[in-house]
Amino acid sequence: MLENNLKSSIEKAFETIFSPIGDLPVTVQKTRKDVAGDYTVNVFPFLKISKTNPQETAEKIGKYLVENNENIAKYEVIKGFLNLYIKAEYWLNEFKSSYKNVDFGISSSKPDAAVTMIEYSSPNTNKPLHLGHIRNNLLGYSVAELLKAAGKNVVKVNLVNDRGIHICKSMLAWQKWGNNATPESTGKKGDKLVGDYYVKFDKAYKQEIESLVSSGMEKEKAEKEAPILKEAQTMLRQWEAKDPEIFNLWQTMNGWVYEGFDITYKALGIDFDKIYYESNTYLLGKKIVMEGLEKGVIFKKEDGSVWADLTEDGLDQKLLLRADGTSVYMTQDIGTAQQRFDEYPIEDHIYVVGNEQNYHFQVLKLILKKLGYNWSDSIHHLSYGMVELPEGKMKSREGTVVDADDLIADMIQTARETSQELGKLEGYSEEEKESVYNTIALGALKYFMLKVDPKKGMMFNPKESIDFNGNTGPFIQYTYARIQSLKRKWAKEIEFSFEDSLLNEKEIELIKKVKDFENTIQDAAKAYSPAMIASYVYELAKEFNQFYHDFTILKEENESIKVMRLALSQWIGHTIKNSMKILGIAVPERM
RNA sequence: GGUCUAGUAGCUCAGCUGGAUAGAGCAACAGCCUUCUAAGCUGUAGGUCCCAGGUUCGAGUCCUGGCUGGAUCACCA
């Protein structure tokens, strides 16, 4: 790696000219765009060692580097910044040795290496997926791809929250008002149908509270005493007791939901290596909690409810089992984690879960630690920001959600219209055309969601459709399609050899940019940030489009320059494709 | 109220461990297709980086305090 090579040269330079730099970190950064040069060394931190002014320090180091490092052509000192120029020959060699490599920049993982587990999606089976889930799913899938590209051995898992009081609410409402409605009888997607009953429950519940309050009960009490809620709680106990009728209904309704989810997952192009169900792990969680109780790490209150006391750690007490013995979300998360660490040699376990659950994960890690599990430290909560609408947060009960299926369908329609207007797909069959519309629509949606730093909240305005121009997925896809068009027209192997003097400035710029892919993957993987890949590939595409505009490629008369430019285009094409793959985005041959 | 988190152009967002004159896209305006895909390229305009202190050679970035927004502190998940 060139950066490391430069760093050690610089260290040696200080040692030779001044004195060893010891622990001071040497930073070599890319030179700003508006200044000539390739790499910049900031000498300010070393003035204490050089005991002379920045200008002189930089001059001496620069002189040494040119004499002692074969990659450096010359140097310049501007305002105390030492700018290094790398020989064109170096870039040319990098280019030559990599342009045919379709997996340039991608590290392959060792199958026997320790596992990086990533949990994402984690839907509740009582309502359909919405925009917030889309961010989760895309982020999880992309981070998994990113870590794979960085050489990690990744296992993608989903945890389906298929049991609990919320499921009972939908079930109860269906029992009461469903008239045996099924997805078949209503023509509704299964998850949508079940979601309708969750909403119906909530309406009835609110009405009951209201009437209780108007008959004189305090609101807080009414919320606990509403008969329909009591019924749902009874149902949960029946479920945990495996009451056949309830269990059967539960299986049926969850089955509907899974059929619905599968359609949405497929449309989004995401998948999992393994699916865990809360209904299979909550008992293990209960068992662990009971063991903790025996060890005295966890305590029981008079009413029979079981708690973890975290007040010494500055947190509150946390409920682990209700007084009626049923378990809560935390209980099963403990069991699920234990099961996973038993099943896999996990070195890093990432949970892609919204930042509204920061507290939950703080508590989970702490409880696991108290229970004596050292692997608690391997748990990492990838806490992403909420997607907000102009009116504020989405609320499923108030009908302000952007439905995942609807949004995808809208995007495809927009892509179809735009594409037909431009009319560049002549000669394609209808099926091929639809496939391109789909690719573009999802490219736009995915890129839109992933280009934002995961940690930050993001704004989505349903009234303004997602753009297809500028810093967007389609822009990058379009750049790729242009490159593919060149390759189709050339229709031969791209093979070249020539002298470095033939490279112009823009071409060197592009080589540097492509080379940077390797570093970008590592940095992005460390930060769990697909946004860094998005930003990278956008810049690459933008620079290629400038190049494409300013220079001829196929019409270039000098044969060796022509082939070199084709080779460069091809290399960029690979890199765009690989970058987009990390984002979970496909690239079209034409658009 | 406690804890956590964010505030950068009209809007949506970049700005990595502190480094040179704070960047993109959209929207606006002005240009570029008889030539490899104009979903493109070029230019103009647009800023109190929320405010006030502090740390230092240097702060959008770090610290303290404030203002504003969001999340969370459930026998919900």
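In the text below, chain A, chain B and the rest are named by the order of the sequence lines, each starting its count at 1.
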Ring centres of A:Y277 and A:W250 under 6.0 Å apart?
no
If I take atom CD in residue A:E543 and atom C1' in nucleotide B:rA24, what distance separates them, rounded to the nearest angstrom?
13 Å
Which is true for A:S383 with a 4.0 Å heavy-atom rule: it touches a base, it touches only sugar-phosphate, or it touches nothing?
nothing
Could you measure between the two P atoms, the one in B:rU17 and the one in B:rC63, and give it in whole Å?
12 Å
Using a 4.0 Å heavy-atom cut-off across all strands, classify A:I440 as base, sugar-phosphate, or nothing.
base
Expressed as a whole number of Å, how far does the C1' atom of B:rC41 sit from that of B:rC57?
42 Å
From the options A:Q332, A:R322, A:E240, select the one residue that forms a side chain to side chain contact (heavy atoms under 4.5 Å, CB included) with A:S327.
A:E240
Can you find a heavy atom in the side chain of A:V160 that is under 4.5 Å from one in the side chain of A:T125?
yes
Students often get this wrong, so: under 4.0 angstrom with heavy atoms, is A:F551 touching a base, only sugar-phosphate, or nothing?
base
Would you classify A:E223 as touching base, sugar-phosphate or nothing, given that sugar-phosphate means primed atoms plus P, OP1 and OP2, and contacts are heavy atoms under 4.0 Å?
nothing
So which nucleotide from B:rU37, B:rA77, B:rU72 ends up closest to the side chain of A:N124?
B:rA77
Given that both distances must come in under 3.5 Å, which nucleotide forms a Watson-Crick or G-U wobble pair with B:rU35?
none
Among the candidates B:rG25, B:rC36, B:rA77, find the nucleotide nearest to the side-chain atoms of A:Y548.
B:rC36
Can you tell me which nucleotide in B:rU35, B:rC76, B:rG40 comes closest to the side chain of A:I165?
B:rC76
Quick check on RNA chain B: between A:Q362 and A:E388, whose nearest nucleotide comes earlier from the 5' end?
A:Q362
With both distances under 3.5 Å as the test, what is the Watson-Crick or G-U wobble partner of B:rC62?
B:rG54
B:rU68 and B:rA59: how far apart are their C1' atoms, nearest whole angstrom?
22 Å
For nucleotides B:rU12 and B:rG7, find the distance between their P atoms and express it as a whole number of Å.
13 Å
Ignoring backbone atoms, establish whether A:R488 has a side-chain N or O less than 4.0 Å from OP1 or OP2 of B:rC36.
no
Taken to the nearest whole Å, CZ/A:F361 to P/B:rA71 is 19 Å
Per A:Y478 side chain, nearest of listed nucleotides B:rG25, B:rU37, B:rA77
B:rU37
Over all strands shown, is A:E556 touching base, sugar-phosphate only, or nothing at heavy-atom distances under 4.0 angstrom?
nothing
With a distance cut-off below 6.0 Å to the six-membered ring centre and an angular limit of 45° from the axis, does A:R590 pair with A:Y428 as a cation-pi contact?
yes
Residue A:L554, side-chain atoms from C-beta onward, closest of B:rA77, B:rC36, B:rG40:
B:rC36
Does A:Q546 place a side-chain N or O at less than 4.0 Å from the phosphate oxygens OP1/OP2 of B:rU42?
yes
I need a per-nucleotide contact map over nucleotides 12-22 of chain B, read 5' to 3'. Cutoff is protein heavy atoms under 4.0 Å; write B for the base, S for backbone only, - otherwise.
SSS----BBS-
Rounded to whole angstrom, note down the C1' distance from B:rC36 over to B:rG40.
13 Å
NZ of A:K455 versus P of B:rG7: gap in Å, rounded?
11 Å
A:L310 CG to B:rC73 P, in whole Å, measures 14 Å
Would you say B:rU72 has OP1 or OP2 under 4.0 Å from some side-chain N or O of A:N355?
no
For B:rA38, does OP1 or OP2 lie under 4.0 Å from any side-chain N or O of A:R482?
yes
Face-on cation placement of A:K200 at A:Y197 ring, 6.0 Å and 45° thresholds:
yes
Note: A:E557-A:K562 ion pair, threshold 4.0 Å (strictly below)
no
Pick base, sugar-phosphate or nothing for A:Y359, based on heavy-atom distances below 4.0 Å to the nucleic acid.
sugar-phosphate
C1' atoms of B:rU61 and B:rG54, separation to the nearest Å:
15 Å
Do A:E220 and A:K224 meet the salt-bridge criterion of a basic N to acidic O distance under 4.0 Å?
no
My understanding is that a pair needs two contacts under 3.5 Å, Watson-Crick or G-U wobble. By that rule, which nucleotide pairs with B:rU3?
B:rA71
When both hydrogen-bonding distances must be under 3.5 Å and the geometry is Watson-Crick or G-U wobble, what is B:rC26 paired with, if anything?
B:rG10
For nucleotides B:rU5 and B:rU48, find the distance between their P atoms and express it as a whole number of Å.
28 Å
Would you mind telling me which residue lines up with the more 5' stretch of RNA chain B, A:Q357 or A:T472, judged by nearest nucleotide?
A:T472
Classify the nucleic acid contact of A:K555 as base, sugar-phosphate or nothing, counting any heavy atom under 4.0 Å across all strands shown.
base
Measuring to OP1 and OP2 of B:rC36, would you say a side-chain N or O of A:K562 lies under 4.0 angstrom away?
no
Are A:Y359 and A:D316 side-chain neighbours, meaning at least one heavy-atom pair lies under 4.5 Å?
yes
Between A:N558 and A:S560, do the side chains contain an N or O donor and an N or O acceptor separated by less than 3.5 Å?
yes
When you check the side-chain N and O atoms of A:N519 and A:Q522, is any donor under 3.5 Å from an acceptor?
no
Are A:S485 and B:rU37 close enough that a side-chain N or O sits under 4.0 Å from OP1 or OP2?
yes
Taking the P atom in each of B:rA24 and B:rA45, what is the distance between them to the nearest angstrom?
13 Å
Can you confirm whether the side chains of A:H360 and A:D333 place a donor and an acceptor under 3.5 Å from each other?
yes
For A:E421 and B:rU37, what is the distance between atoms CD and C1' respectively, to the nearest whole Å?
16 Å
A:H166 NE2 to B:rA77 P, straight-line distance once rounded to whole Å
7 Å
Taking atom C1' of B:rC11 as reference, at what distance in whole Å does atom CG of A:D467 sit?
11 Å
Can you tell me the distance, in whole Å, between the CD atom of A:Q477 and the C1' atom of B:rU37?
14 Å
Given B:rC73, B:rU72, B:rC41, identify the nucleotide with an atom nearest to the side chain of A:D316.
B:rC73
For B:rC49, the Watson-Crick or wobble counterpart (both distances under 3.5 Å):
none
For B:rC33, does the glycosidic angle fall within 90° of 0 (syn) or outside that (anti)?
syn
